[in-house]
Asker: 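So that we are looking at the same thing, I have put the structure below in structure tokens.
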Amino acid sequence: MTRIKNLAAAPTFYAALAGMILFFSSWYFLTETLTLPRFKNIPDPLSVVTEWSAIHPKYGVSLFTKPYYVDILYSIIRTYAAFAGAVVFGVSLGIVMGWSRILHNYTFPLVEIFRPMPPLSWIPLAVLVLPGIELPVVFVTFIAAFFATVLNTLLGVQSINRDYFLAAKCLGAKPRDILFHVVIPGSLPFIFTGLQIAMGIAWMSIVAGEIIAGQRGLGYYIYEAAALFQYEQVIMYMFTLGFLGYVSSVAIRYVGNLLMAWEEAKRKAR
Amino acid sequence: MSQTSVSAAPPIHPAAVAVKTRGALYQLTERKALPGAISIIGFLIAWQLSITWELPYLSNIPYPKDVWDSLYESVLKSSYWNDWKMSLIRVFVGFTVGQVVGIPLGLAMGASKTIKALCFPVFEMLRPIPPIAWIPLSILFWPTEELSIYFLTFIGAFFVIVLNVMQGVSSIDLSVKRAAISLGASRKDIFFKIMIPGSLPSIVTGMTVGIGVTWNVLIAAEMIAGHGGLGRGTWEAYTNGNLPLILVGMVSIGFAGYITSSLVRVIGEKAMPWRRKF
Amino acid sequence: MNKAANGKIEIVNAGKIYDPAGIHVVAVENCSFNLEAGQFVSVVGPSGCGKSTLLNTIAGFDTITSGEILMDGELLASPEIQTPPGPDRVVVFQGGALFPWKTVSENIIYGPVIQKNMERPEAEKMAISLLNRVGLTKVETKYPSELSSGVQRRVEILRALINQPKIMMLDEPFRALDAVAKSVMHNFLLELFDENPRTMFFITHDLDEAIYLSDLVVVMTTRPAKVKKIIKIDLPRPRRLDVIKTEIYRSVKADLLSIVHEEALKAFKAGEREMA
């Protein structure tokens, strides 16, 4: 009995494959074969893939057409710009708040009041106050990623064992040294966890922002395509968004591993 | 001549300093409520001044007093509280269904390698898709608008809780499981008496994070495709160009989000009395 | 080897009162003893008494509320004066405080480099030769997490020593090590001490360790901590393992054991009273 179990558990690759096959086949089954009333409007996986990889797609957008990549570029630039801002301001504020008790006591209440406000609720205000179309969308995304980053950075600084500060002082470190040699390296693990979360939040916000207030971009196009009942495109863009989000997270993790060589060593040593 | 010596110079002896009797500023900041009150008042003053001084862009924002008047008016209208009710119900339904479906799935995926291998790839493929991107599909599929919104809030909460629970189960100390086995526990015992209580902290984390995500998704969904609810109310204020009302909406949404988050947090703390408060 | 006027600590009627949330806690009361320059002093006593408080004050992490502490005749700490931490009084911490994000070599050279006493390449060479001398080869590029706790402690001690501190303070540094690793540490520490005697303030619970390592053992009472007894250890240096068979060792150990036992019972009863 255990032998069979071993066979089943060990090649998890096969289980994974089975899972994927199960998912796609049930998708196909429910939308094409069974044609249940609600499901039949949703395109089946085959038609999505066909459209996606068509050289001359029915509705004008596929892997081989320029507009697809233009939309992608718009979304990427907006997301990454907002993310960069959140990193710069969020990490800085988080470090300052974690390190200086006085500053923390003065800024934390304000942060805690603004943090629960869903970033997307800022959209109407941002659109009315900020000029242009790009700025409000990027700003709202920035706000969302910013709060996540501040919180995680703050937790990161607070998580540092107090002995490291004392040891550094004994060895002659001045506040500037402590910042660069204790505070920043010590909070990096938390910071990078926060950045991954912030990236996910950024992608979420950019889509909403584009739908509500944008022109061009993946979110905007999803809504357009839906209005025109071009649901293959909708699903195509959904997966594109998912893919971009995933790749972004992986990139952050990669950078994190580069900067935190000691964590890698700790994992290997275990 | 010893090789543990470094330089001929003796080590630096820092000059003695007066003992810091914590200054007045510090004393003030340690009284919990005071710094908060000061910074909030400071913020309000900055708000008022940036409009009176006609700072660029910011001068379009309404005065604090206008927002206050608008808030006062809204609180007296029943439609305002109806919006509250609708949004809260939507969050509640989507969130609860997300937990009911997600927690068992997360436990199963954490406990069984086979189940995890089966489900995880599909899960990870769908998870990065922003919940808001599901809106058109959701509207297409579900017969009523309410159901499509419930589905969206469900998506928001679902992925978060499954991920957290899965990680929580796998982080349960192996020695705890082994201790249970050596005391004669069966696989079923281990699942119900070790894994479920052991994953409580991660369930609570998943719920706390999830409620925030759910709110975010709900507001966007209401703005884009809803009727009624706080998000819709704010959106309508926007289309009518009623700036103070927009801010009222934002504040209400923030407050509602705060209430629900606190509720989840309190439930979490009650469920885990043994957890050390940091 | 200049022992004179270098690292002599005089603790005169030192007292510390904590006041967290208005509860008056007397941690240390009227403590007086001296650490002569170049002397190895162990401080033993029940848990929770003021041993760490004294260490923290000398190191500059904390203040005293009464009395004085002098270093080489100059005022180091008093209710009005505090000397910030510095490389003349380095601490080796209980849980280990090697910077996890720096390699062994980077940890060791941190003090001299940051104080601008040495250039980096020179300091790195010094660190490697130090490590080799004490038998730790090929660890300089490793991160602390890749090393055993015994090696980590030794690196931390080297990190402190390379700064030539006048007094080195160790807060139960070998607490978490097993008996074999501990005796390796003892010989390691004593070898370095014999070569370059400097004042040592060593906190421990292990009575054998205290006797084996020190010139002087100070026994503290339970809270409020006072000095209960000061025992001089008249054993020759360098210490050899067979020193534990000598009559002096045995009588000191018996003496210490009964005093500490007495204090521990008091602490235990006080704890019971607190709980009741």
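Chain identifiers are assigned alphabetically (A, B, ...) following the order of the sequence lines, protein sequences preceding nucleic acid strands; residue numbering begins at 1 within each chain.
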Asker: Heavy atoms only, distances under 4.5 angstrom: which of C/V90, C/I114, C/L147 has the most pairs with chain A? Name it, please.
Answerer: C/I114

Asker: Tell me which of these, A/K174, A/H181, A/M260, has more heavy-atom pairs under 4.5 Å with chain C than the rest.
Answerer: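 Between A/K174, A/H181, A/M260, the count favours A/H181.
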
Asker: Take the angle between the ring planes of C/F99 and A/Y164 and call it parallel below 30°, perpendicular above 60°, tilted in between.
Answerer: tilted

Asker: Do other residues, nucleotides or ligands put more than 12 heavy atoms under 6.0 Å from the CD atom of A/E264?
Answerer: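 More than 12 heavy atoms, drawn from other residues, nucleotides or ligands, come within 6.0 Å of this atom.
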
Asker: Under a 4.5 Å heavy-atom cut-off, does chain C meet the side chain of A/N161, its backbone, both or neither?
Answerer: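 No part of A/N161 comes within 4.5 Å of chain C.
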
Asker: If you count heavy-atom pairs under 4.5 Å with chain C, which of A/A261, A/G186, A/C170, A/P185 comes out on top?
Answerer: A/C170

Asker: Considering only heavy atoms, which portion of C/K142 lies under 4.5 Å from any heavy atom of chain A: side chain, backbone, both, or neither?
Answerer: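 For C/K142, there is no contact with chain A at all, as no heavy atom is under 4.5 Å.
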
Asker: Answer yes or no: does atom CD of C/E191 have more than 12 heavy-atom neighbours from other residues, nucleotides or ligands under 6.0 Å?
Answerer: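 No, not enclosed.
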
Asker: Name the option with the most non-hydrogen atom pairs under 4.5 Å to chain A; the candidates are C/A59, C/G60, C/G111, C/G96.
Answerer: C/G111

Asker: What part of C/L98 gets within 4.5 angstrom of chain A, counting heavy atoms only: side chain, backbone, both, or neither?
Answerer: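 The backbone, not the side chain.
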
Asker: For C/F33, does the CZ atom have more than 12 heavy-atom neighbours from other residues, nucleotides or ligands under 6.0 Å away?
Answerer: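 Above 12, so yes.
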
Asker: A quick test of your reading: do over 12 heavy atoms of other residues, nucleotides or ligands sit less than 6.0 Å from OH of A/Y69?
Answerer: yes

Asker: Around C/K16, counting heavy atoms of other residues, nucleotides and ligands shown, do more than 12 lie under 6.0 Å from its NZ?
Answerer: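 Enclosed: over 12 neighbouring heavy atoms sit under 6.0 Å from NZ of C/K16.
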
Asker: Taking side chain as C-beta onward, heavy atoms only, is C/W101 less than 4.5 Å from A/L188?
Answerer: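 Side-chain contact under 4.5 Å: no.
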
Asker: Decide if atom OH of A/Y80 counts as having more than 12 heavy atoms of other residues, nucleotides or ligands within a radius under 6.0 Å.
Answerer: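 Yes, because the 6.0 Å sphere around OH of A/Y80 holds more than 12 heavy atoms from other groups.
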
Asker: Determine the option with the most heavy-atom pairs under 4.5 angstrom with chain A, choosing from C/G95, C/P84, C/G86.
Answerer: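 Of the options given, most contacts go to C/G86.
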
Asker: Of all heavy-atom pairs between C/S145 and A/A265, which one has the smallest distance, and what is that distance?
Answerer: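 Here C/S145 and A/A265 meet closest at OG-C, 4.3 Å.
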
Asker: Starting at NZ of C/K102, measure out to CH2 of A/W262 and round the result to the nearest 0.5 Å.
Answerer: 9.5 Å

Asker: Does the C/Q115 side chain pair with the main chain of A/L171, one donor and one acceptor, at a distance under 3.5 Å?
Answerer: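 Such a contact is found between C/Q115 side chain and A/L171 backbone.
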
